[in-house]
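Atoms considered below: every heavy atom in the structure, side chains included; atoms not considered: hydrogens, waters and symmetry mates. To find a chain, count down the sequence lines: A is the first, B the second, and so on, and within it residues start at 1.
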Amino acid sequence: MTEIIVVTSGKGGVGKTTTSASIACGLASRGKKVAVIDFDIGLRNLDLIMGCERRVVYDFVNVINGECTLKQALIKDKRLDTLFVLAASQTRDKDALSTEGVERVLNELRADGFDYVLCDSPAGIEKGAHLAMYFADRAIVVVNPEVSSVRDSDRILGLLASKTKLAEGGNGRVQEHLLLTRYSPRRVAAGEMMGVDDVKEILGLDVVGVVPESTDVLSASNAGTPVILHEDSDVARAYQDAVARLLGETVPLRFIDEPKRGFFARLFGG
Amino acid sequence: MIARTTTHDGIPSSTLHGAMNRPAETTNQGAALEIRFGPVDMAQVRIRSTDPGIIVDELTGRVATAPKFFQRTAVCLDLSELGHEPDVAELRGVVEAVRRAGMLPVGLVNGTAATDTLARELDMPVLAQFRATGKTPPVVHAAPVTEPEADLSPLIHTQAVRSGQRLYARRRDLIVMAPVGAGAELMADGCAHVYGALRGRVMAGARGDTRARVFCQAFHAELVSIAGVFRVFETIPADLAGKPVHAWLDGDALRFARLGE
């Protein structure tokens, strides 16, 4: 049974594509057959983050328009052989997407036996974002612990509960998960940043993961390697935890407390 | 028929009547019929042009705004602002136009001596002195059909109300059993209850019921309104913030207090 997961947020720049890439890799490294699709037509960057930007021959819009087969457009990842990327078009825009076209592509992926299809949503609440979430079974709502991101995520949660195929059908709902990114325990302790509990209180949902703020994310995108594959990074560990929780495992939250500093570090302010 | 103006609480009345409660002394008390006098409210159509096209256009629009009120309603034609003495043919065109628009002209008013002749030609009565009452037909609102004060059971909502969502409880109370996000809007013709945190806007008594109240379990509202009287909360007073609070209208003032106090 293929599960369609949308990675969305409302707000831009919070870490949707970073998350889509990492979660996709995380699931694939556990042996699942995963496809990750970039819905940000015209501003594609999933292929950059995945490191396959120079291997894009056909894209999502080509498949929708019947200009190529799905197999021709799917790019197999070099590191994980059950992971496939469907890039967005750079030359067109979101009007090139259609509900029927998206449904057809998703059905074909289902028929191909994919375990998970991750839909990397663009920012906003318009056509691209709407179509990315419309057929979803589950949603990962990426939130920064910051007021505008929280407000926009609230809006997105409202749309997930009303403007998706499951919601419109009346007999199901999209399973919602919050993923907190760019979290800084030090700033939370200093009272400068919203904490996990604050976000949970406002949005009324438990988090499926907390990803700490880290310079590793930039290094990863520069290298074209999803950050979850950078084994030494706390970000990678946080994403591994999130994947585990998505698969139903119970994992305690890490990276939400200020790291304890040794005596000398505190003394000399290291 | 004698038309006269009388006063009704000091306001000149538009009614055409004799004395309402006078017994039918001028009647013909035969078995087949009876003549009685009684007040009748009537609209007047004061025409400033005799162009039938213009009259049909404007009147049709007016009828459409409140069809139940205007459709086939009796009207009298006021010629006082015409600026010229119309001839019979013109007036026939006007009468035709008014009928086409959906109203029924039954007389002429406020004309000159010449009006009498016109009336005779048109076979219509002259309803002489005619002063408009304070009453004007409800143009903006729907026809004055009394809406039943149906007390339906409250609209109960158990899901979180997210930013950008709007709930409206028409002619009843609204009960939300989940948090209401910032940027969400709750509207109720009756009371609004939030058994959870209220962060958005709430408008109770949306149709003007001043008895409506707002109740919530944790007060963080951006705006509270009851029957149109509203208050925006840039900062929430410390004694109310996050506490169970209710709001009500005290005359023209919106009051807030902790629940249970």
Side-chain angles (χ1 to χ4, degrees), chain A residues 6 8-12 14 121 123-127 129-130 133 136 139-164 166-178 194-207, chain B residues 155-170 174-188 192-203 214-224 232-245 258-259:
Chain A
V6 61
T8 181
S9 69
K11 186 102 173 55
V14 297
S121 175
I125 49 174
E126 286 155 30
K127 195 171 185 185
H130 173 69
M133 72 167 72
I140 299 175
V141 180
V142 182
V143 191
N144 282 359
E146 178 262 323
V147 290
S148 14
S149 179
V150 170
R151 174 80 62 105
D152 290 358
S153 293
D154 198 39
R155 183 93 171 88
I156 284 285
L157 286 165
L159 292 173
L160 283 166
S162 59
K163 296 230 167 32
T164 51
L166 271 179
E168 286 171 4
N171 59 356
R173 53 179 297 144
V174 176
Q175 210 186 336
E176 298 155 347
H177 304 283
L178 278 187
M194 295 168 85
V196 182
D197 293 326
D198 298 320
V199 177
K200 274 165 73 166
E201 196 203 323
I202 297 178
L203 294 178
L205 280 181
D206 277 327
V207 293
Chain B
L155 176 62
I156 301 183
H157 194 89
T158 50
Q159 308 285 1
V161 186
R162 300 283 179 191
S163 179
Q165 289 181 330
R166 238 185 197 175
L167 291 179
Y168 177 36
R170 178 185 282 276
L174 174 64
I175 299 182
V176 179
M177 299 177 58
V180 177
E185 289 184 8
L186 302 179
M187 294 180 282
H193 306 246
V194 179
Y195 298 124
L198 170 60
R199 293 202 160 81
R201 302 171 141 205
V202 59
M203 290 159 273
V214 173
F215 305 86
C216 73
Q217 210 160 53
F219 187 74
H220 300 281
E222 298 168 331
L223 179 147
V224 175
V232 173
F233 285 89
E234 197 177 330
T235 45
I236 299 183
D239 58 322
L240 299 177
K243 305 282 191 302
V245 163
R258 296 257 280 272
L259 266 174

Structural part of B:A197 lying under 4.5 Å from a heavy atom of chain A: neither
A:L205, part contacting chain B, at a heavy-atom distance under 4.5 Å: side chain
Verdict with supporting geometry, A:E146 and A:R151, salt bridge (Lys or Arg N to Asp or Glu O under 4.0 Å): CA-CA 9 Å; A:E146 178 262 323; A:R151 174 80 62 105; over 6 Å; no
Portion of A:S153 that has a non-hydrogen atom of chain B nearer than 4.5 angstrom: neither
Partner of A:M133 under side-chain contact (heavy atoms from CB on, under 4.5 Å), chosen from A:V141, A:I156, A:I125: A:I156
Aromatic ring proximity B:F215/B:Y195, centre distance under 6.0 Å: no
Under 4.5 Å from any heavy atom of chain B - which part of A:L203: both
Pair A:D206 + A:K200, salt bridge at N-O below 4.0 Å: yes
